[in-house]
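Written out below as structure tokens is the structure these notes cover.
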Amino acid sequence: MRVRFILSRKYCTSIAISSNSQIARYARLGQIEKARRVFDQMPDKTIVSWNSIVAGYFQSNQPGEARKLFDRMLERNTVSWNGLISGYVKNGMIIEARKVFDSMPERNVVSWTSMVRGYVQEGIISEAESLFWQMPERNVVSWTVMLGGLIQEGRIDEARRLYDMMPEKDVVTRTNMIGGYFQVGRLAEAREIFDEMPRRNVVSWTTMVSGYVHNNQVDVARKLFEVMPEKNEVSWTAMLIGYTQCGRIEEASELFHAMPDKSVVACNAIILGYGQNGEVAKAREVFDNMRERDDRTWSAMIKVYERKGFELEALDLFTLMQRESVRPNFPSLISVLSVCGSLASLDYGRQIHAQLVRNQFDHDVYVASVLMTMYVKCGNLVKANQVFNRFAAKDIVMWNSMITGYAQHGLGEKALQIFQEMCSLGISPDEITFIGVLSACSYSGKVEKGLEIFETMKSKYQVEPRTEHYACMVDLLGRAGKVKEAMDLIKKMPVEADAIVWGALLGACRQHMKLDLAEVAAKKLTELEPNKAGPYVLLSNIYASQGRWHDVAELRKNMRTRSVSKSPGCSWIEVEKNVHMFTGGESTGHPDHAMIMRMLEKLGVLLREAGYCPDASFVLHDVEEEEKAHSLGYHSEKLAIAYGLLKVPQGMPIRVMKNLRVCGDCHSAIKLISKVMGREVILRDANRFHHFKDGLCSCRDYW
DNA sequence: ATAGGGTTAG
């Protein structure tokens, strides 16, 4: 009997120990439900079981539940009380932690250290210091915690004095000091401590590697990385990030493939690295092969898609992410918002805006600017302006977004008004501001004002004009018919004129029928951007109109050898959260095809009655001859607008997007449509916005 | 077996 009794007691004790370790393991992993199940089933709970389950609830960010259990404990030891302090500290509840600290029966060095650590974490360094010096006894850990606080505040010299005062230092202490010196860029001192260390471990080596990486010394980091006696995931990741951050993707890629265990962080970094290098497929491959992903993995991949113009892929991935119940984080929402801007998807953009508000991300200046740009690109200036006005602490980017927004919509007065307001508040404009302001002058025909601002840019605002500003001025002068002056300005430029400048001149020539200068500009453009079709087609039209067939033939040959491709024109419109895309031509393939065709016929009759005749004579527009003849009546923008007339409720503007510049015939047709049908049409083409209303367009027939 | 410190990511 006695033997059996002892055996069963032993048995029970071993159950308790193994259950306790199970609880502790689940608690560490944050799997609190599993820990709780084990806890509830235990017949003989020890004080360790209680301590572990309390810690588990704190670990899972449930301080309330943790406290409830703590209060139910029949006996408590110092570990229990200390667990309460550290639990509150982990959850950022410093005041609660202090209450426990003040009321607990007995304090040991761990209690004091946890409390100091709490104040350090909250950035209340003065309180941490005061407590630290009151401590009845200190050990290495206490000293190191205080040291960490000073380093975190950037008080590196004070930290060093404390470091020198310490009775003993261990690896952690020294590593901390090294990291501190790297943070403030004092590499020599960091190196000195490292070299003098009696013992080093992986962390100290990794700190050196990442320290050099952060101070732009990737090659030094690599040398250390090579001689490290032991490496872990973190060391590999630090080195990898070193390469991705300075754009050395080849080396990053090599390292990534050599990595024994690929951490999530490393995968995230290489995805962004490949993306930055334009290797979208490789990025996706890494993404697909990952065993586990975190929210940053998703946002990284979404960002890559967004930056490289894969808008639809970005949206798909965003949807998939939510389906896999990964909560959208800040960067993913920003990326998707930009995508909404590019696609001019106002409905979707509004949804994302709502999500930002729900997550309280909408108080951020960065978010505000992206939001504004999204609304501007979707043609909703009222919303953009609302976001702008709601913000008290506007930064320069927000001001610029608003100015540029008004400029792109041809509202020059408004743009200048914002510029004035900004200057009167003492905010100094930067080069982006001037691009907005000058193009605003240009779009609204304020030649004198534009010239005046351009002249004073450098003297009054200390901003050196760049190519972009010259492009604005060429546009401004050209638009006002001063094509020769524009050409003179190009000749006088201190820097080489780029494609944007010549493009601006070409635009002016097109408007004012300056064939000779147009030829010069178009030729320059074919040199600067040999793969773009526009200028070739335009040149070809000029030559044809003058009967220079030999030149036409030469040009065609040139185009073939340079493999110039013309991107097909398409327009799209959003109706009830669905995007409807139209390419030109009589067969739309749209479910409502018959309705659209009937609408087009009806429009044809109405327009002819209003005096419209199809005009294919735009010599200086980059539209191919045969294209003009055939399908003038079925250009993609006409189809999209016809659909909009059918589906968008009366009184709402019809918003249509086009990937190329709107053609001349369509432009005059849409003006008439706006008058005859009494509808407002907002068309975003590759360059700018056209607001059609009552037979007029905001671009004043120049685009 | 339960309480305190250092490294990686926009």
Side-chain angles (χ1 to χ4, degrees), chain A residues 13-14 16-25 27-28 46-56 58 73 76-90 100 104 107-118 120-121 135 138-149 151-152 169-180 182-183 200-211 213-214 231-242 244-245 263-273 294-297 299-300 303 329-332 334-335 366:
Chain A
T13 318
S14 73
I17 290 178
S18 78
S19 300
N20 282 343
S21 66
Q22 254 184 336
I23 295 174
R25 196 166 55 244
R28 268 197 303 275
T46 64
I47 192 162
V48 177
S49 333
W50 284 92
N51 287 347
S52 301
I53 196 73
V54 168
F58 275 124
M73 285 169 78
R76 304 177 184 108
N77 57 16
T78 313
V79 174
S80 326
W81 288 97
N82 286 347
L84 207 55
I85 295 181
S86 78
Y88 280 133
V89 164
K90 274 192 196 107
V100 174
M104 65 197 283
R107 288 175 276 272
N108 65 11
V109 67
V110 175
S111 336
W112 283 88
T113 308
S114 299
M115 210 53 234
V116 173
R117 164 80 191 130
V120 164
Q121 183 184 291
M135 285 175 77
R138 303 173 196 94
N139 60 16
V140 214
V141 178
S142 333
W143 282 93
T144 310
V145 166
M146 196 58 242
L147 184 76
I151 289 173
Q152 180 187 299
K169 310 172 180 67
D170 65 8
V171 203
V172 177
T173 319
R174 291 171 206 267
T175 307
N176 225 333
M177 197 66 230
I178 292 173
F182 273 123
Q183 249 181 49
R200 306 178 184 107
N201 62 15
V202 209
V203 180
S204 5
W205 281 94
T206 307
T207 304
M208 290 300 286
V209 169
S210 93
V213 160
H214 282 308
K231 303 177 183 76
N232 63 14
E233 267 186 21
V234 180
S235 338
W236 282 88
T237 308
M239 194 61 239
L240 178 83
I241 285 162
T244 58
Q245 272 181 355
S263 66
V264 177
V265 180
C267 293
N268 294 353
I270 197 78
I271 287 175
L272 285 171
D294 65 6
D295 62 328
R296 289 175 189 220
T297 315
S299 58
K303 182 178 173 182
N329 57 4
F330 189 86
S332 63
I334 294 282
S335 295
Y366 185 20

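Remember, it's a predicted structure, so these values are computed and weren't measured experimentally. Note on naming: letters A, B, ... go to the chains in the order of the sequence lines (proteins, then strands), and numbering restarts at 1 for each one.
Ser263(A) and Thr237(A) share a side-chain donor-acceptor pair at under 3.5 Å. In this model, no donor atom of one side chain and acceptor atom of the other lie less than 3.5 Å apart for Thr207(A) and Ser204(A).
Distance CE (Met146(A)) to P (dG5(B)): 15 Å, rounded to an integer number of Å. Atom CG in Asn77(A) sits about 9 Å away from atom C1' in dA3(B), given to the nearest Å. When rounded to the nearest whole Å, the span between CZ of Arg117(A) and P of dA3(B) equals 15 Å. What separates CH2 of Trp81(A) from C1' of dG4(B) is a distance of 18 Å, to the nearest Å. Ile270(A) places its CD1 atom 15 Å from the P atom of dA9(B), with the value rounded to the nearest Å. The nearest whole Å value for the distance from the CH2 atom in Trp205(A) to the P atom in dT7(B) is 19 Å. Between the CG atom of Asn82(A) and the C1' atom of dT2(B) there is a distance of 11 Å, given to the nearest Å. Rounded to an integer number of Å, the gap from CG of Leu84(A) to C1' of dG4(B) is 15 Å.
Phosphate contact (OP1/OP2 of dG4(B), side-chain N/O of Lys90(A), threshold under 4.0 Å): present.
Closest contact between the side chain of Ile241(A) and the listed nucleotides dA9(B), dG6(B), dT7(B) involves dA9(B). Listed candidates were dA1(B), dA9(B), dG5(B). Nearest to the side chain of Asn20(A) is dA1(B). Considering only the side chain of Ser86(A), dA3(B) comes nearest among dA1(B), dA3(B), dT8(B). In this structure, the nucleotide among dA1(B), dG4(B), dG6(B) sitting nearest to the side chain of Val109(A) is dG4(B). With dG5(B), dG6(B), dA9(B) as the candidates, the nucleotide lying closest to the side chain of Asp170(A) is dG5(B). Comparing dT2(B), dG6(B), dT7(B) by their nearest atom to the side chain of Ser52(A) picks out dT2(B). Of the candidate nucleotides dT8(B), dT7(B), dA3(B), dA3(B) has the atom nearest to the side chain of Asn108(A). Proximity note for Val141(A) (side chain, C-beta onward) versus dT8(B), dG6(B), dG4(B): the nearest is dG4(B). Nearest nucleotide to the side chain of Val79(A), out of dT8(B), dG6(B), dA3(B): dA3(B). When each of dG4(B), dA9(B), dT2(B) is scored by its nearest atom to the side-chain atoms of Val265(A), the top-ranked nucleotide is dA9(B).
A tilted orientation is assigned to the rings of Tyr366(A) and Phe330(A), their planes being inclined by 30° to 60°.
Val145(A) comes within 4.0 angstrom of sugar-phosphate atoms only, judged by non-hydrogen atoms across all strands, and of no base. Residue-level contact check: Leu272(A) touches the backbone only, with heavy atoms under 4.0 Å from sugar-phosphate atoms and none from bases. In this structure, Gln183(A) reaches neither bases nor backbone, as no heavy-atom distance under 4.0 Å exists between it and the strands shown. If you check every strand for non-hydrogen atoms under 4.0 Å, Asp295(A) touches nothing. When heavy atoms are screened at a 4.0 angstrom cut-off, Lys231(A) is found touching no nucleic acid atom at all. Here Asn268(A) lies out of heavy-atom contact (under 4.0 Å) with every strand. Using a 4.0 Å heavy-atom distance criterion, Thr173(A) is classed as a base contact.
Looking only at side-chain heavy atoms (C-beta outward), Ser235(A) and Val202(A) come within less than 4.5 Å of each other. The closest side-chain heavy-atom distance from Ser142(A) to Val109(A) is below 4.5 Å. Within the 4.5 Å cutoff, the side chain of Asn51(A) has heavy atoms near those of the Met73(A) side chain. Between Val79(A) and Ile47(A) the shortest side-chain heavy-atom distance does not fall below 4.5 Å.
Residue side chain Ser114(A) does not reach the base of dG4(B) through any donor-acceptor N/O pair under 3.5 Å, judged by distance alone.
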